[in-house]
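Proteins come first, then strands; the chains are lettered A, B, ... in the order of their sequence lines, and each starts at number 1. Predicted model only: the values in this text are computed from it and were never measured.
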Amino acid sequence: MMEKMIFGRYIPGESFVHRLDPRSKLIFVFAFILVVFLANNIVTYALLLAFTLLVILMSRIRLYFLINGLKPIIILLVFTFFIHILFTREGDILLDLGFLKVYEEGLRQGIFISVRFLVLVFMTSILTLTTSPISITDGIEVLLNPLKKIKLPVHELALMMSIALRFIPTLMDETDKIMKAQMARGSDLSAGPLKERIKAVVPLLVPLFVSAFKRAEDLATAMEVRGYRGGEGRTRYRQLKWDWRDTLCLVVFVIMTALLVFYRN
Amino acid sequence: MDIKLQQVSYAYSKGTPFEKYALFNVDLTIPHGTYQAIIGHTGSGKSTILQHFNGLLKPSEGQVHIGERVIVAGKKAKELKPVRQKVGIVFQFPEHQLFEETVLKDIMFGPMNFGVSEQVAEARARELIKLVGLPEDILNKSPFDLSGGQMRRVAIAGVLAMDPEVIVLDEPTAGLDPRGQKEIMDMFYNLHKERGLTTILVTHSMEDAARYADQIAIMHEGRCVLNGTPHEIFSDSDTLEKYRLELPHIVRFQRKIEQLMKKPLSKICLTEEELAAEVAHALREGRDAK
Amino acid sequence: MTEILSFNNVSFSYTPDNPELRNAVQDVSFSINEGEWIAIVGHNGSGKSTMVKLVCGLLFPQDGEVRVMRNVLTEENLWEVRSNIGMVFQNPDNQFVGATVQDDVAFALENSGVPYTEMVDRVHSSLAQVKMDKFLNHEPHHLSGGQKQRVAIAGALAMRPKLLILDEATSMLDPQGRDEVLKTVRALREEIGLTVLSITHDVEEALFADRVLFMNNGQKYAEGTPSEIFSLGDKLVEFGLELPFAMRMTKLFKDNGVLLEGQHMSEEELVNDLWTSNFNK
Amino acid sequence: MQKTLDYSSSRNKTFDLIISALLISLVFVSTVFLNIKLPIGGQGGLVHLGTGMLFIASIMFGPKKGALAGSLGMGLFDLMSGWTIWAPGTIIARGLQGYIVGKIAWSKGRNGNSIGFNLFGMMVSIPVMVVVYYLYESIIFGNWIIPLGSIPGNLVQNAVGMVIAIPVCLVLKKTPLFK
Ligand SMILES: Nc1ncnc2c1ncn2[C@@H]1O[C@H](COP(=O)(O)OP(=O)(O)OP(=O)(O)O)[C@@H](O)[C@H]1O
Ligand SMILES: Nc1ncnc2c1ncn2[C@@H]1O[C@H](COP(=O)(O)OP(=O)(O)OP(=O)(O)O)[C@@H](O)[C@H]1O
Ligand SMILES: [Mg+2]
Ligand SMILES: [Mg+2]
């Protein structure tokens, strides 16, 4: 369970996409999400789709992982498609079943929106599949650095995130242990009548919370004696490197945006 | 109540890309009333095996007999409560399971889950708190107000209160000072003797295994490679070494003395008292022979 | 000899407004010189960890003073003092800050603003000192307890501390992990003459120290070389500890009428004595 | 255990940071790992306990930490489990939710000690969360109807969260650690 969650997303690798700086990936994906909404005709949607496929290829992520990640969303996708077909009543009628009429515009909308949705999901997934959470945190920290001027505690937020990530496996283990210990004492979250299962939550969450609190105390002590006193005057051990790949990546992005603007209606 | 593992294998995250076998074809029988120790290097599968003893984990292959109950791989096991009542487990650092407002309520939690009435549960709590060596007035305190050693004892009382026939201990004394360790180990030993509890001890301490156990099983890389009496297990240091284990301190010391005397003592001594008497005896014989 | 740390009549209570409860630390005095290895032993709750917190200024004494490198510890020189002390605590999981081994070792260096290139050097060399240099990018949950503790030691070493404090750093480890950590500390003592203050229940561990402080209920009950302390015999047992193996055996042998000359702390001595007293005649 | 005793202000800041970090982990872990199976509801009736943990975090530690725990804990879940595109919506919706619960539960020095206000806070936060998600989803689906589908699930999750948070907070508030 635990292994599945933590590593199910990030898949280490050496591809072009993997080696990009997290900053360029973040900027890219974020801008991409906005630009997607520019598309409004066949050419532009095709452009988006082609581009996404290119990125997938370059990331060398096995399709299996992408499709697997898609599972929970596939129903939504199908649903979206049909809703558009059912509710859009413009253009020629393509199919008439009496109780149900499929209009040309409906089909178009259905396809477009589905493609948009798919492209968004794929592109954001590629980000998390090729970038470890800790690199994402690093990237966000550096990108947000200018906001320190308006007193946003960027450094603290990043450190917080990295500690949170570091403690997830520990707390998962802990949860598992407490759950087992309470099961051995006859209180079970996964079996029995609903009332019993809900009652089993208190013996699980209370020790979990208490233990997290104690860990926090220990960790605060450890950090303090190791000289931690806020972000001021700190140097960084984790360095980010921006190289030609990243610049290239953004140039390509600008070109793509230009094409989108040019070809949209 | 006998516990019997037949050809038990267990895989974590079975059926996922992260599947990992932690037990392979383990056969182990623990007859009623035995004090069984399980030793092995870190990661050898000790904690995994002990969770099979009350159905917390179900075997991926093979079957587990717990008294009358049989848990078979692949079949749904329903209503494990009676099994869990009969087999109490004291996990490592059991103080992490405390959650109630008062010590009393926390000790009563287990038995009441198994349908014991409030009066009976309370009576048990009052009896057990003394047994684990704590004053009765602690019952009304919050468990979070106690010291680490006291919390450990309360948690142990919470498991004993279920009145199990089998008690399974996973490193029950880690982190305690030497006196605390000895008191707790002696308490379990007395329970074992007086109430005839089947006791299963998972430990890294060869000393405890040698001192208390009737039977010792060695786990190595997910297999149960050896099961025998302490004398059998500790007479063969080569085999132990193969499984990355050490002889108990006392046996290593006996070996040194034997080298010195240039002849073996008549038996392997598992306690310090035994060794002292044996050495004295051998020396006296040696002197008489001269 | 240069004094590194001293306590002068230090008392501390977690509940100053409730004088009925005993102080966690009561009127303790001692001093440690450069290059020494001091062990503090005592039962659970005898005040050992509280003393450690007093050393690094996490707590301040209500009475008496703590001096680190001859300066009285105050709010002002706190950070200076901390940069000279390395600490390893009991729970390996609760002191690992970084996402990977190397990030964790670098943490204290980042805090004190060490420049990047120097950081890289120091991270690598201190990991090499504890023989963890092959694990640079490992994540904490893929390490054993002993390995985590060695990383913690490396994290302390990277700061080039004058004093390394181990607060029961081995008590949550399995025997192999404990061995790893103790071997590491012993090797470091030989290589760089580090001053070590180790806190433990484990009497066999205390045997390696130059001097032992024996705590009971917040007070220093005795102080001396290991042989002086362990000759207290039953007092140790009474206050929650035990005697080292060789001493227990010596006593048992004597009770059984085996001829022996003296008291022995190490097995070698005991075996030698057994030899000279019984076979060599 | 009074954690403030003699500790410097830097220590308290560090402690706050770490507590927030651990609350983020806790919310994440409860979302991924802890489920209760209900006889009704979407996704096979599995309801995760993340919302409950979010409520607990807000009630025990106030609006700021509640908001952080909610937005980052659950945002991280989206990021790591294939719902990446939902993450921005989650960060806003859950952040607001945690903030509202904490703000109300901690209003006028109540510090989460009034069950009435805790309950009120949770109630108020629910429509906010539902609406934010609705708006966000209508943008990504480009449609006003599909996102209606997730409302019942959200309501069930919140209801379960409340049912859990109330007793857990009651017990936690009584432990000496959180006095
Ligand atoms: N929840 C889990 N998921 C995946 N693998 C696990 C899990 N728990 C244990 N393992 C693996 O199973 C093997 C056996 O682990 P187990 O905890 O039973 O060992 P152990 O003998 O109890 O070790 P220790 O002496 O350290 O307690 C190990 O390789 C471990 O990494
Ligand atoms: N935060 C605290 N608040 C109140 N009392 C405390 C606190 N920490 C420790 N104490 C008490 O102070 C005394 C000394 O505790 P300390 O932790 O220093 O002991 P120790 O010798 O380190 O014990 P152990 O071997 O269990 O680690 C104990 O009686 C303990 O209950
Ligand atoms: Mg184990
Ligand atoms: Mg301590």
Exam field: side chain A:Q182 to backbone B:Q97, donor-acceptor pair closer than 3.5 Å: yes
Flag if over 12 foreign heavy atoms under 6.0 Å of CD, B:E118: no
Options A:V210, A:I178, A:D188, A:L204, ranked by heavy-atom pairs under 4.5 Å with chain B, top entry: A:V210
Minimum heavy-atom distance between B:F109 and A:P203, given as atom pair plus value: CZ-CG, 3.6 Å
Interface moiety of B:Q51 toward chain A, non-hydrogen atoms closer than 4.5 Å: side chain
Shortest non-hydrogen separation from A:G186 to B:F114 and the atoms involved: CA-CZ, 3.4 Å
Spacing of CZ belonging to A:R185 relative to CZ belonging to B:F91, to within rounding of 0.5 Å: 11.0 Å
Residues, nucleotides or ligands: over 12 heavy atoms within 6.0 Å of A:F79 CZ: no
Choice from B:L56, B:L57, B:V87 maximising heavy atom contacts with chain A below 4.5 Å: B:L56
Salt bridge present between A:K180 and B:D170 (N-O < 4.0 angstrom): no
A:R236, CZ atom: more than 12 neighbouring heavy atoms under 6.0 Å: yes
Spatial distance of atom CE (A:M183) from atom CG (B:N54) [nearest 0.5 Å]: 8.5 Å
Between NZ on residue A:K177 and CD on residue B:Q92, distance to nearest 0.5 Å: 6.5 Å
Region of A:S187 that comes under 4.5 Å of a non-hydrogen atom in chain B: both
